[in-house]
Amino acid sequence: MKIATKRENGVVIIVLDGDLTIGKGETKLRNKIKELLEDGEKDILINLKDIFMIDSSGIGALLFAKSATNRAGGTVKLLHVKDKVLEVLEITRIIGVFETFDTEDNGIASFA
């Protein structure tokens, strides 16, 4: 999995590309969250547009992102949750834990 970050209006957007599964991305996401929090970032939007597969480890990484950021006084929200990823998050009832957005502009504006 590839991870890119960009900053818009004080919000860090993590763009994920690949599978958010054990050994393929969950560790990378956890490490990126730790790095951002150590740098003092508080508002994080995770773009799942290019994630096509997620497993329990990937769900764990998203929950880690949320809890670690909350403990640091910040917020994690999700962007472009779709198709199979949405289905998995709905079945596991994890989707209700996160605010989700269909557009980057709306996601960014929600932090204001």
Listed by chain and number, what are the salt bridge (charged side-chain N to carboxylate O under 4.0 Å, His left out) partners of Lys32, not counting sequence neighbours? Glu35
Taking all non-hydrogen atoms of both residues into account, name the closest pair between Asp102 and His80 and its distance. O-CE1, 2.8 Å
Nearest heavy-atom contact between Ile51 and Gly18 is CD1-O, 3.1 Å
Could you tell me whether Asp39 atom CG has more than 12 heavy atoms of other residues or ligands within 6.0 Å of it? yes
Nearest atoms (heavy-atom pairs only) where Leu16 meets Leu20: CD1-CD2, 4.3 Å
Shortest non-hydrogen contact from Glu99 to Phe101? OE1-CZ, 3.5 Å
Of Leu45, Leu86, Ile46, the one forming a side chain to side chain contact (heavy atoms under 4.5 Å, CB included) with Leu78 is Ile46
Can you list the steps and then say if Val15 with Ile3 is a side-chain contact (heavy atoms from CB on, under 4.5 Å)? CA-CA 6 Å; Val15 181; Ile3 296 180; over 6 Å; no
Asn47 side-chain N/O to Lys49 backbone N/O, donor-acceptor pair under 3.5 Å: yes
Would you please test Ile95 and Val81 for side-chain contact (heavy atoms from CB on, under 4.5 Å) and show each step? CA-CA 9 Å; Ile95 195 68; Val81 183; 4.1 Å; yes
Quick one: do Leu37 and Thr69 satisfy side-chain contact (heavy atoms from CB on, under 4.5 Å)? Show the steps, please. CA-CA 7 Å; Leu37 294 176; Thr69 304; 3.9 Å; yes
By salt bridge (charged side-chain N to carboxylate O under 4.0 Å, His left out), Lys6 pairs with (sequence neighbours left out) Glu104
Give the C-alpha distance, both sets of side-chain angles, the deciding distance and a yes or no for side-chain contact (heavy atoms from CB on, under 4.5 Å) between Ile13 and Thr5. CA-CA 6 Å; Ile13 302 163; Thr5 57; over 6 Å; no
With sequence neighbours left out, the residues meeting side chain to side chain contact (heavy atoms under 4.5 Å, CB included) with Lys42 are Ala72
Find out if a path of hydrophobic residues (ILVMFWY) with successive side-chain heavy-atom gaps under 4.5 Å connects Val85 to Leu79. no
Shortest non-hydrogen contact from Lys66 to Val97? CE-O, 2.9 Å
Listed partners of Arg7 passing salt bridge (charged side-chain N to carboxylate O under 4.0 Å, His left out), at least two apart: Glu41
Side-chain donor-acceptor contacts of residues 55-65 below 3.5 Å, not counting sequence neighbours, with atom names and distances?
unit_1 : atom_1 : unit_2 : atom_2 : d
Asp55  : OD1    : Ile22  : N      : 3.4
Asp55  : OD1    : Ser57  : N      : 3.0
Asp55  : OD1    : Gly58  : N      : 3.0
Asp55  : OD2    : Ile22  : N      : 3.1

Determine all donor-acceptor pairs shorter than 3.5 Å in which one atom belongs to a side chain in residues 105-112; sequence neighbours excluded.
unit_1 : atom_1 : unit_2 : atom_2 : d
Asn106 : ND2    : Thr103 : OG1    : 3.1
Ser110 : OG     : Lys77  : NZ     : 2.9
Ser110 : OG     : Gly107 : O      : 2.6

Mind running salt bridge (charged side-chain N to carboxylate O under 4.0 Å, His left out) on Glu26 and Arg30 for me, showing each step along the way? CA-CA 6 Å; Glu26 55 92 16; Arg30 288 174 190 263; 3.2 Å; yes
